[in-house]
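Everything on this sheet refers to the single structure shown next.
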Amino acid sequence: MARHLITSALPYINGVKHLGNLVGSMLPADAYARFLRLSGEEVLFICATDEHGTPAELAAAAAGCEVEEFCTRNHEIQARLCEGFELSFDHFGRTSHLANHQLTQHFAEQLLANGFLESRVTKQVYSLADGRFLPDRYVEGTCPNCGYENARGDQCENCTKTLDPAELIHPRSAISGSTDLELRDSAHMFLLQSKLADRLRAWIDDKGSQWPTVATSIARKWLDEGLQDRGITRDLKWGIPVPFEGFESKVFYVWFDAPIGYLSATVEWAQLAPEGETRSFESWWRTDQGAEDVIYTQFMAKDNIPFHTLSFPATIMGSGEPWKLVDQLKGFNWLNYYGDKFSTSQHRGVFMGDALELLPADTWRWYLLSNAPETSDTSFRWELFADSVNKDLVGTLGNFANRCVAQIDRHFDGVAPSAGEPGDVERSLVKRVRGLIEEYDAHFNALEFRKSAATLRAIWAEGNVYLEEREPWRAIKTDPVMAAMTMRVALGMVRLCGHLSTPFIPAAAQRLVNSLDGAEVLSGVGSELADSILEIQAGTPFDMGGLLFARVTEEQVADWVLRFGGAES
RNA sequence: GGUGGCGUAGCUCAGUUGGUAAGAGCACUCGGCUCAUAAUCGAGGGGUCGUCAGUUCAAGUCUGACCGCCACCA
């Protein structure tokens with residue numbers, strides 16, 4: 001049996017993430033982790049907050065607190081939201097953790113020793129008023145190309161020309177507005193990715209054949225254009241110190257230490273081992289120390305693909321050490337909001353905190369995963385969200401469970417009835433479900449979330465189809481034995497639906513499973529599970545404790561469109 | 001400007017290497033049922049697959065041009 005290491009792209013620390021961030025990495029990673037656990041596989045699911053860099057510094061300043069304090073506070077906020085969405089991380093760490101300092105510095109030292117780092121002197125903008133160097137994008141001025149007065153030092157938003165801060169006319173600090181700027185020489189370490197390009201290409205040609213098109217096409221595009229060496233240090237205070245002589249005032253670029261956070265968060269996890277349990281970080285990450293059987297799957301949205309397919313692998317390869325490289329890579333396209341981007345600054349779209357205030361996590365998980373932007377960008381629409389909840393969760397799954405509740409309570413004293421033997425209808429049901437479970441399994445193993453969701457929905461629908469076939473509400477009057485057998489089998493479907501739904505809607509799935517007090521809990525995800533439909537013990541108490549999901553009303557949709565902005569914005 | 005991607009039923013999207021693939025869900029229509037949160041089950045209508053021109057025995061599926069949209073440019 002293989003062991004599965006799963007990582008989700010790390011959410012940045014500067015604020016609450018929106019639904020696009022959620023569905024682009026953390027949520028599908030969680031569904032996959034849950035599916036594998038359900039299969040009986042050994043899983044380690046790791047995530048963390050990405051905390052370094054200028055945006056964090058500025059957000060902290062805006063919040064009027066020290067950046068460390070800001071990060072601690074926001075890490076807690078994000079951790080709570082992740083719990084709210086039932087993201088089942090084995091550990092949710094922080095890139096500012098000491099473990100990441102040690103590993104990041106270690107990688108840099110290895111890279112330097114192996115000749116993959118080189119110090120180069122660059123011109124950086126220094127703001128005397130701010131008392132600090134300014135990253136390119138925090139220098140503003142007039143664009144030399146089009147005359148736009150608020151061009152950023154990296155690029156003019158008006159004419160889209162790529163700029164160097166030194167080119168700007170009347171440059172000023174975007175932080176303080178000060179024009180008291182000067183160019184200073186500053187030495188920085190460059191990761192010599194160009195020297196690793198051939199190895200990266202060969203690796204991608206090999207491993208990448210199984211990745212989504214969006215991943216390999218982006219990676220190859222960068223390789224085809226010629227992989228540039230990349231500065232991995234910055235003139236900042238907030239970050240991981242660079243352990244080289246002459247670099248005492250500098251830190252690593254956030255994109256260098258962030259993916260190493262996958263490793264360091266695993267170290268954090270190992271350090272948190274409870275009494276009597278031994279956890280080995282190395283056995284998950286070092287192929288010379290037990291990780292040779294690990295299958296490593298990364299989840300990310302497409303903006304992160306270059307770092308996961310090129311920069312981070314370059315870091316690992318350049319270290320000359322046997323660290324685990326990614327095996328399966330799942331990249332997602334964008335989730336838009338009514339056709340345009342989610343935007344934190346314009347407060348456009350729905351954010352994780354908003355979402356949980358409105359409806360339970362399961363409803364969001366279901367909508368997002370069953371409509372995930374796997375092969376192309378997709379659009380969030382409240383109307384579709386409501387349809388998805390009402391049609392699938394309320395109408396198909398919830399309704400099936402509730403139909404069982406009504407019959408069992410009314411006619412069978414709330415317990416699984418004992419009379420009757422299954423017939424051809426039941427054997428046919430089992431056969432259809434067996435085929436559907438096989439499909440479900442195959443789609444999940446292929447990381448096809450929309451397809452696995454559609455298959456799961458088809459399994460739910462089989463519950464309703466079965467009731468229509470046997471019509472127990474009618475049979476109870478003419479053939480009570482048949483009605484009893486039907487409802488016992490229906491409860492078998494309830495148990496199976498609950499079990500199989502765990503990756504998508506864990507809370508509702510748990511309620512379904514728990515509704516049958518004392519029934520044997522299913523395990524695994526194989527098609528033989530279909531037989532369990534016929535194996536509910538007579539006398540098993542059945543109690544859902546109320547409706548599984550609430551309908552989303554038209555009034556709610558209208559209210560939310562108004563509150564969050566709909567098509568017009 | 002450069003690069004990448006996209007334009008398939010009213011809506012959101014699937015469509016492996018070109019040949020029963022023109023599909024799914026929702027919406028809509030009709031019918032069944034009435035146990036169930038006006039839920040469910042069945043059937044059906046609907047698209048010259050952005051435009052034009054090519055390659056081919058055969059093209060959403062390849063080539064070129066054009067129109068429109070999006071993203072990225074470290």
Side-chain angles (χ1 to χ4, degrees), chain A residues 135-137 145-146 154-156 159-163 190-191 193 213-214 216-222 224-232 253 255-256 301-307 310-311 333-336 338-341 367 370-411 443 446 448 450-451 453-455 457-458 460-477 483 486-487 490 544 546-554 567:
Chain A
D136 291 355
R137 56 184 286 207
N145 187 49
C146 72
D154 54 345
Q155 181 181 29
C156 174
C159 69
T160 74
K161 180 177 171 58
T162 304
L163 299 173
F190 280 72
L191 177 61
Q193 299 187 129
T213 309
V214 66
T216 48
S217 74
I218 289 175
R220 291 217 172 84
K221 177 196 140 202
W222 284 40
D224 292 344
E225 289 176 356
L227 203 53
Q228 301 295 303
D229 297 330
R230 189 181 177 86
I232 60 160
Y253 181 37
W255 259 112
F256 183 72
K302 62 185 175 185
D303 55 328
N304 279 336
I305 285 172
F307 301 101
L310 300 167
S311 307
N333 290 282
W334 302 120
L335 177 68
N336 289 319
Y338 285 86
D340 287 317
K341 285 177 78 170
Y367 168 80
S370 63
N371 293 284
E374 290 183 289
T375 54
S376 67
D377 294 353
T378 66
S379 285
F380 175 89
R381 309 180 70 89
W382 287 104
E383 298 83 353
L384 292 173
F385 169 68
D387 281 345
S388 178
V389 172
N390 290 342
K391 189 71 184 172
D392 299 336
L393 298 181
V394 175
T396 305
L397 179 62
N399 184 41
F400 170 61
N402 196 41
R403 293 171 95 178
C404 292
V405 169
Q407 297 297 318
I408 295 285
D409 281 355
R410 192 168 306 162
H411 303 299
H443 288 143
E448 299 257 25
R450 297 174 73 114
K451 288 178 181 172
T455 308
R457 183 177 48 212
W460 297 343
E462 286 295 346
N464 288 310
V465 171
Y466 176 63
L467 292 182
E468 296 289 333
E469 285 180 319
R470 285 298 194 194
E471 299 186 303
W473 50 90
R474 178 178 292 183
I476 193 70
K477 299 169 191 159
T486 299
M487 290 319 300
M544 285 296 302
L547 295 172
L548 200 55
F549 292 103
R551 273 188 69 79
V552 177
T553 65
E554 288 181 25

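Order of the sequence lines sets the chain letters (A, B, ...), proteins ahead of strands, with each chain counted from 1. Bear in mind that the values here come from a model prediction, so they are computed numbers and not experimental data.
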query = Nearest-Å distance, CD (Gln228(A)) to P (rG2(B))?
reply = 19 Å
request  = Searching all strands shown, indicate the nucleotide that pairs with rG42(B) (Watson-Crick or G-U wobble; both distances under 3.5 Å).
outcome  = rC30(B)
inquiry  = What is the separation between atom CD on Glu469(A) and atom P on rU40(B), rounded to the nearest whole Å?
reply    = 17 Å
message = Could you tell me how far apart Leu547(A) (CG) and rA36(B) (P) are, to the nearest whole angstrom?
response = 12 Å
remark   = The glycosidic conformation of rG46(B), counting syn as within 90° of 0 and anti otherwise, is anti
remark   = In whole angstroms, the gap separating C1' of rA71(B) from CG of Asn336(A) amounts to 10 Å
message = In whole Å, I'd like the distance from the CD atom of Glu471(A) to the P atom of rG42(B).
response = 13 Å
task = Answer yes or no: is there an ion pair linking Glu468(A) with Arg403(A), defined by an N-O contact shorter than 4.0 Å?
result = yes
inquiry  = Return the pairing partner of rU61(B) with a 3.5 Å limit on both distances, Watson-Crick or G-U wobble; otherwise return none.
reply    = none
request  = Could you give the distance separating rC49(B) and rA9(B) at their P atoms, to the nearest angstrom?
outcome  = 10 Å
message = Counting only Watson-Crick pairs (N1-N3 plus N6-O4 or O6-N4) and G-U wobbles (N1-O2, O6-N3), all under 3.5 Å, who is the partner of rG18(B)?
response = none
request  = Could you tell me whether Phe549(A) contacts a base, only the sugar-phosphate backbone, or nothing, with contacts defined as non-hydrogen atoms closer than 4.0 Å?
outcome  = base
inquiry  = From the set rG42(B), rC33(B), rC35(B), return the single nucleotide nearest to any side-chain atom of Gln407(A).
reply    = rC35(B)
Counterpart base for rA36(B), defined by Watson-Crick or G-U wobble contacts under 3.5 Å = none
request  = Give the nucleotide from the list rU37(B), rU40(B), rU12(B) with an atom nearest to the side chain of Arg403(A).
outcome  = rU40(B)
key: Contact summary for Tyr367(A) and Ser379(A), nearest pair of heavy atoms   = OH-O, 3.6 Å
ask   = Relative to each other, are the rings of Phe380(A) and Phe385(A) parallel, tilted or perpendicular (30° and 60° limits)?
value = tilted
task = Would you tell me if any nitrogen or oxygen in the side chain of Arg551(A) comes within less than 4.0 Å of OP1 or OP2 on rA39(B)?
result = yes
query = On a whole-Å scale, what distance lies between the P atoms belonging to rC66(B) and rG10(B)?
reply = 29 Å
ask   = So which one's nearest nucleotide on RNA chain B is more toward 5', Trp334(A) or Lys451(A)?
value = Lys451(A)
task = Decide yes or no for Trp473(A) and Gln407(A): does some side-chain heavy atom of the first lie under 4.5 Å from some side-chain heavy atom of the second?
result = yes
request  = Using whole Å, report how far CG of Leu467(A) lies from P of rG42(B).
outcome  = 12 Å
task = Could you state the atom-to-atom distance from CZ of Arg410(A) to P of rU34(B) in whole Å?
result = 14 Å
ask   = Which part of the nucleic acid does Ile476(A) contact within heavy-atom distance under 4.0 Å: base, sugar-phosphate only, or nothing?
value = nothing
query = Rounding to the closest angstrom, what is the interatomic distance between rU8(B) and rG68(B) at atom C1'?
reply = 16 Å
request  = Please report the closest heavy-atom contact between Ser311(A) and Leu191(A), naming both atoms and the distance.
outcome  = O-CD2, 4.1 Å
message = Please give me the minimum heavy-atom distance between Asp229(A) and Gln193(A), naming the atom from each residue.
response = OD1-N, 3.0 Å
task = For rA39(B) and rC26(B), measure between their C1' atoms and round to the nearest Å.
result = 16 Å
note = Any strand, both distances under 3.5 Å, Watson-Crick or G-U wobble: rC69(B) pairs with rG5(B)
task = Answer yes or no: side-chain N or O of Glu468(A) and base N or O of rG32(B) forming a donor-acceptor pair under 3.5 Å.
result = yes
request  = Report the base-pairing partner of rG25(B) (Watson-Crick or G-U wobble, both distances below 3.5 angstrom), or none.
outcome  = rC11(B)
query = What integer number of Å spans the C1' atoms of rU63(B) and rG18(B)?
reply = 13 Å
rU55(B): pairing nucleotide in any strand, Watson-Crick or G-U under 3.5 angstrom = none
Nearest heavy atoms of Cys404(A) and Met487(A), plus distance in Å = CA-CE, 3.7 Å
message = Using the P atom as the point on both nucleotides, what is the distance between rG15(B) and rG23(B), in whole Å?
response = 16 Å
query = With a 4.0 Å cut-off on heavy atoms, is Val394(A) in touch with a base, just the backbone sugar-phosphate, or nothing at all?
reply = base
remark   = Tyr367(A) atom OH is separated from rU12(B) atom P, nearest whole Å, by 10 Å
query = With rounding to whole Å, what would you report as the distance between rG46(B) and rC6(B) at their C1' atoms?
reply = 24 Å
request  = At under 4.0 Å between heavy atoms, which parts of nucleotides 22-27 of chain B does protein reach? Answer with one letter per nucleotide, 5' to 3': B base, S sugar-phosphate only, - none.
outcome  = ---SS-
ask   = At their closest point, which heavy atom of Glu374(A) faces which heavy atom of Asn333(A), and how far apart are they?
value = O-ND2, 3.3 Å
Which residues share a side chain to side chain donor-acceptor pair (under 3.5 Å) with Thr455(A), sequence neighbours left out = His443(A)
inquiry  = Give me the atom names and distance for the closest heavy-atom approach of Arg450(A) to Ser370(A).
reply    = CG-O, 3.9 Å
remark   = Between Asn464(A) and Asn399(A), whichever has its closest RNA chain B nucleotide further toward 5' is Asn399(A)
key: Separation between the C1' atoms of rU12(B) and rU51(B), rounded to whole Å   = 24 Å
ask   = Quick one: does Leu397(A)'s side chain get under 4.5 Å of Arg457(A)'s, heavy atoms only?
value = no
inquiry  = Side chains of Leu467(A) and Phe400(A), heavy atoms from C-beta outward: is any pair under 4.5 Å?
reply    = yes
Under 3.5 Å on both distances, the Watson-Crick or G-U partner of rG47(B) = none
Close N/O contacts between protein and nucleotides 44-46 of chain B (under 3.5 Å):
none

note = Taking rU40(B), rC13(B), rC33(B) as options, the one with an atom nearest any side-chain atom of Thr396(A) is rU40(B)
ask   = Counting distance only, does the side-chain N/O of Asn390(A) pair as donor-acceptor with the main-chain N or O of Val552(A) below 3.5 Å?
value = yes
